[in-house]
**Q** 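Provided herewith is a single structure, encoded as structure tokens, for subsequent inquiry.
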Amino acid sequence: MRPTIEWNKNKVIMIDQRKLPAEETYWECIDYEQVAQAIEKMVIRGAPAIGVAAAYGIGLGMMNIKEDDNRASAFDIIYSRLEKTRPTARNLFWALERMKKIFQKNQNRSLSELKNTLLKQAQALEKEDLETCQQIGSYGADLVKDGERILTHCNAGALATAGYGTALGVIRSSFKKYKDIKVYASETRPFLQGARLTCWELQRDRIPVVLITDNMAGWLMNKGEISMVVTGADRISSNGDTANKIGTYTAAVLAKENNIPFYVAAPLSTIDFELQNGDQIPIEERDPDEVRKFGEAFITVPDIEVRNPAFDVTPASYITAIITEKGIARRPYHKSLSEFK
Ligand code: MRU
């Protein structure tokens with residue numbers, strides 16, 4: 001498999017995650033608008049991967065400007081288009097802000113130097129994300145014991161990052177350490193990232209994985225079949241409240257009820273230190289047809305009213321620890337997370 005996202009001959013190429021696991025096809029972008037659409041349509045998804053895509057979107061957009069163009073206004077147009085794609089993923093804004101700083105520092109250099117510097121920054125961001133996930137994996141594996149039965153929700157794997165994954169990074173590193181590890185992947189209605197992506201990824205790495213529907217988790221915990229939960233995050237406020245795929249909060253409440261540890265694995269770039277608590281995290285509401293339909297077919301009456309929040313917020317009190325690339329943070333998170341800043 002090629003990487004989740006790559007820069008190749010002035011194109012940004014990403015695996016089309018909407019088509020997996022049935023088809024392994026690639027979405028090629030030759031301008032920033034195609035990158036923005038790829039993020040909106042969820043060709044690429046997962047907060048860190050969205051951040052890398054946005055950085056490449058800036059690189060690609062600026063690659064196409066001419067000597068006579070106004071650089072600052074071209075940059076602003078590209079930036080504002082990309083920042084409107086997905087509101088919850090903190091890494092999107094983090095990556096855009098980082099690209100903006102590089103632009104501001106280099107905007108008066110020759111056009112080819114400016115283009116090159118922006119591209120190099122996007123490539124550096126991709127490389128860093130991979131290394132960050134490997135560090136998260138290695139810290140996280142210290143929390144896992146042989147024989148663990150691990151529930152994960154959505155896909156926080158190689159597909160959701162530049163590679164290796166956050167929650168799946170913890171699982172990958174644990175599987176290297178111990179052989180008796182089994183993963184329970186919840187299907188993750190309505191977009192099915194668990195069923196389509198997590199199962200595909202783990203099976204390719206020969207990591208034992210069992211697919212369950214979202215509503216089976218509580219019963220399996222109650223019967224002792226699940227011993228820990230690890231998920232990714234889209235945005236974490238400074239007090240540790242965590243926005244992640246809809247259904248994460250349910251899993252956290254069930255874990256607490258059943259005395260099972262609930263871990264969040266995320267890079268520091270997912271933490272929004274400006275937000276005091278989870279109430280301030282914007283929650284994306286997606287197309288109602290994602291709920292009404294299964295593929296192209298309606299599973300309900302076509303005009304039914306629908307709610308489709310893509311994320312929920314798990315209060316910090318339900319989170320046993322947050323695994324970052326700098327170490328493991330525990331409550332009170334406003335203190336432990338700020339020490340990693
Ligand atoms: O809507 P998605 O598929 O982008 O949501 C993804 C998640 O909720 C992930 O758990 C999160 O972004 C972390 S990915 C390492």
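Atoms within a ligand are numbered from 1 in the order they appear, just like the ligands themselves.
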**Q** Please say which of Ile322, Thr320, Leu337 ends up in a side-chain contact (heavy atoms from CB on, under 4.5 Å) with Arg330.
**A**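 Option passing the side-chain contact (heavy atoms from CB on, under 4.5 Å) with Arg330: Thr320.
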
**Q** Using a strict cut-off of less than 4.0 Å between a Lys/Arg side-chain nitrogen and an Asp/Glu carboxylate oxygen, indicate whether Lys101 and Glu97 qualify as a salt bridge.
**A** no

**Q** State whether Phe103 and Lys105 meet the cation-pi test: NZ (Lys) or CZ (Arg) under 6.0 Å from the six-membered ring centroid, and within 45° of the perpendicular axis.
**A**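 No, a cation-pi geometry is absent between Lys105 and Phe103.
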
**Q** What's the shortest heavy-atom distance between Phe191 and Arg18, and which atoms?
**A**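 Scanning both residues, the minimum pair turns out to be CZ-CG, 4.4 Å.
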
**Q** N or O contacts of ligand 1 with protein under 3.5 Å, please list pair by pair.
**A**
from, atom 1, to, atom 2, distance (Å)
ligand 1, 1 (O), Arg86, NH1, 3.4
ligand 1, 1 (O), Arg86, NH2, 2.9
ligand 1, 1 (O), Lys245, NZ, 2.7
ligand 1, 3 (O), Arg45, NE, 2.8
ligand 1, 3 (O), Arg45, NH2, 3.3
ligand 1, 3 (O), Gln193, NE2, 2.8
ligand 1, 4 (O), Gly46, N, 2.9
ligand 1, 4 (O), Arg86, NH1, 2.8
ligand 1, 8 (O), Asp234, OD1, 3.4
ligand 1, 8 (O), Asn244, OD1, 3.1
ligand 1, 8 (O), Lys245, N, 3.2
ligand 1, 10 (O), Asn244, OD1, 2.6
ligand 1, 12 (O), Ala47, N, 2.9
ligand 1, 12 (O), Asp234, OD1, 2.4

**Q** Regarding Arg196 and the six-membered ring of Trp200, is the cationic atom NZ or CZ under 6.0 Å from the ring centre and inside 45° of its axis?
**A** no

**Q** What side-chain hydrogen bond (donor to acceptor under 3.5 Å, both in side chains) pairs are there with at least one residue in residues 249-269, not counting sequence neighbours?
**A** Asn91-Ser269

